[in-house]
Amino acid sequence: MRVRFAPSPTGYLHIGNARTAVVNHLIAKKSGADYIIRIEDTDKERSTVESEISILDDLRWLGIEWNEGPDQDKGHGPYRQSERDDIYSEYTKKLLQSGHAFKCFCTNEQVEEDKKEAQDQNKPFLDRCRNLTLDEQDELCAGGQFPIKFKVPEGESIVFDDKIKERVTFNSSNIGGDFIIVRSDGGAVYNYIVSIDDALMKITHVIRGEDHLSNTPKQILIAKALNLPIPEYAHLPLILGSDKKKLSKRHGITSVDIYRQEGYLPEALMNYLGLLGWSTESGEEILEFDKLISLFEISNISKSPAIFDFQKLKWMNGGYMKKYPLAEITDMFIPYLEKAEFDVKSMSREKLENIISIIRNSCEILSDVAKPAAIFFNDINIPDDEGDALLNEDYSKDIIKIASEIILILNEETVLAGLIPGIKEKTEHKGKKLFHPIRAMITGTLTGPELDLAIPVIGYDNLKKRIEYCKEKYC
RNA sequence: GUCCCCGUCGUCUAGGGGUCCAGGACACCGGGUUUUCAUCUCGGCAGCAGGGGUUCGAAUCCCCUCGGGGAUGCCA
């Protein structure tokens with residue numbers, strides 16, 4: 001068994017394509033199949049090497065491994081369609097000679113008109129050049145540049161058993177008429193060369209997005225005309241945005257690269273993508289890789305499209321983060337602390353791990369760490385809007401005043417036992433009315449780690465600074 | 001327009017004729033824990049697109065309508 005993922009390098013790795021890559025990977029791992037990466041860079045205008053590099057990089061980050069394809073150096077590949085023109089033109093010659101394809105000399109307007117007419121009369125569109133002989137074609141060509149089209153047979157039914165959609169039936173008269181396989185500039189077109197490449201690369205199972213479902217009959221016709229094997233197909237339902245339109249940037253993050261930067265874990269993304277449109281019998285959702293593979297079954301994938309739920313991905317990511325031992329998760333957080341310009345290097349490892357152990361639970365993604373960490377890294381913290389509003393309350397001002405007195409008679413050893421109980425005793429506040437102003441005073445914000453844990457780590461000197469700052473600002 | 005695919009809580013889904021007055025998860029709301037927020041934990045809200053059939057019985061089968069998505073000459 002051999003599967004493939006065939007991205008076109010016209011941008012970053014999109015979350016929808018990543019899902020396709022993940023499903024292929026899961027299937028490959030499960031069945032021990034070969035995984036081939038093929039770069040579909042036939043669109044010369046839009047393809048760039050930069051996107052190829054970044055797509056491959058993102059795939060590696062996700063944990064996807066392939067046996068054949070770019071940079072894998074196993075004696076195969078690189079499998080770039082742009083480097084296979086010779087192969088395609090051989091097949092084009094065959095098609096031309098066998099009468100399965102023809103050059104079309106119609107103008108754009110001509111075709112448009114003919115199509116419209118066919119449509120109005122509810123008849124299938126037949127290209128007016130389709131019956132030209134080879135000689136006639138040569139004559140008309142006369143050194144000019146014209147597209148080559150595939151001659152679609154009339155009234156042939158094309159049936160295939162999709163692994164997800166089950167039996168799908170098309171009629172050849174109904175797939176839009178003769179279609180272009182080679183552009184007038186000589187470049188072969190996607191729908192044409194996938195058939196060739198999949199056959200030549202001995203792909204047994206084509207697993208791809210549903211947007212290719214109605215391309216499939218064309219590809220089957222080409223394979224038949226060329227006497228090439230036809231693979232099994234599995235068409236994954238599309239991933240949609242919250243408005244049920246195809247997932248795009250305006251819905252949120254669609255680039256795998258950005259998820260990486262924001263501090264999502266690859267295993268969480270893989271888990272989420274694998275689970276989209278699919279579920280386990282037990283209902284378990286956080287599935288470590290081995291379990292994901294052993295349980296994954298392509299025939300269980302839903303037929304209907306799924307809306308991408310950013311919140312659930314986040315939740316799942318948080319679940320994975322909780323599983324890491326302190327030392328490891330600390331290492332993972334460090335780049336994000338440095339990015340937030342905290343002075344990590346001059347801090348002892350012990351204190352750093354201490355901080356992480358206090359704040360890790362309030363993080364669902366790695367970049368969440370910046371906010372709670374500020375409590376410990378900054379000397380003082382300017383209150384945010386909520387904190388500021390609270391500290392302007394009269395009872396908060398009382399607390400600040402009292403704190404500023406109490407802090408003077410405390411020291412590093414006594415501050416934990418003395419500060420909050422001392423304020424409580426003097427003000428007789430308790431619960432929220434006691435803790436929230438204190439929290440705002442020493443952290444600048446209303447949410448964060450347990451104060452009893454935070455206070456010893458912030459340390460006496462900084463606490464004093466913070467209290468004095470608030471006294472000046474609010475009292 | 002035509003063809004193809006799809007339609008269970010807000011979202012991801014289980015369920016494929018009786019065990020479903022439809023189960024789980026995210027989100028949301030409420031209780032408990034935390035002298036505070038969060039975490040954690042317990043509980044709640046909420047759905048079979050609509051209409052016809054078939055059947056003793058339909059979320060499950062059939063038809064129609066509606067809705068969404070995709071493809072339809074030089075994107076993949």
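Letters go in sequence order (proteins before strands), and every chain restarts at 1. Side-chain atoms are counted along with the backbone in the values below, which use heavy atoms only and exclude waters and symmetry mates.
As a whole-Å value, the separation of A:D41 CG from B:C75 C1' is 13 Å. Between A:L453 atom CG and B:U39 atom P the separation is 16 Å, expressed in whole Å. Here the P atom of nucleotide B:C3 and the CD1 atom of A:I158 are 15 Å apart, to the nearest Å.
For the P atoms, the distance from B:U60 to B:A22 is 15 Å, rounded to whole Å.
No side-chain donor-acceptor contact under 3.5 Å links A:Y35 and A:N24. No side-chain donor from either of A:T443 and A:T445 sits under 3.5 Å from a side-chain acceptor of the other.
Within 4.0 Å of A:K314, counting heavy atoms only, lies no atom of the nucleic acid at all. No contact: A:S282 has no heavy atom under 4.0 Å from any strand. Among the protein residues, A:N174 comes within range of the sugar-phosphate backbone only, with heavy atoms under 4.0 Å from sugar or phosphate atoms but none that close to a base. Contacts of A:I175 with the nucleic acid, taken as non-hydrogen atoms under 4.0 Å apart, are absent. A:I180 comes within contact range of at least one nucleobase, with a heavy-atom separation under 4.0 Å. Among the atoms of the strands shown, none is found under 4.0 Å from any heavy atom of A:H235. Nucleic acid contact class of A:E45 (heavy atoms, under 4.0 Å, all strands): none. Heavy atoms of A:F179 sit nowhere under 4.0 angstrom from any nucleic acid atom. In this structure, A:L240 reaches neither bases nor backbone, as no heavy-atom distance under 4.0 Å exists between it and the strands shown.
On a pure distance criterion of 3.5 Å, no polar donor-acceptor pair joins the side chain of A:D211 and the base of B:A71.
Across B:U36, B:G69, B:A76, the shortest atom-to-atom separation from the side chain of A:R439 is found for B:U36. Distances from the side chain of A:K322 to the nucleotides B:C37, B:G70, B:U39 place B:U39 closest.
Taking side-chain N and O atoms only, A:R360 has no distance below 4.0 Å to OP1 or OP2 of B:A38. Dashed line: the shortest gap from a side-chain N or O of A:T42 to OP1 or OP2 of B:A76 is under 4.0 Å.
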Protein-nucleotides 7-12 of chain B N/O pairs under 3.5 Å:
unit_1, atom_1, unit_2, atom_2, d
B:C12, OP1, A:I307, N, 3.0

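Annotation: side chain to side chain donor-acceptor pair (under 3.5 Å) contacts involving residues 236-246 of chain A, sequence neighbours excluded, comprise A:D243-A:R250, A:D243-A:H251.
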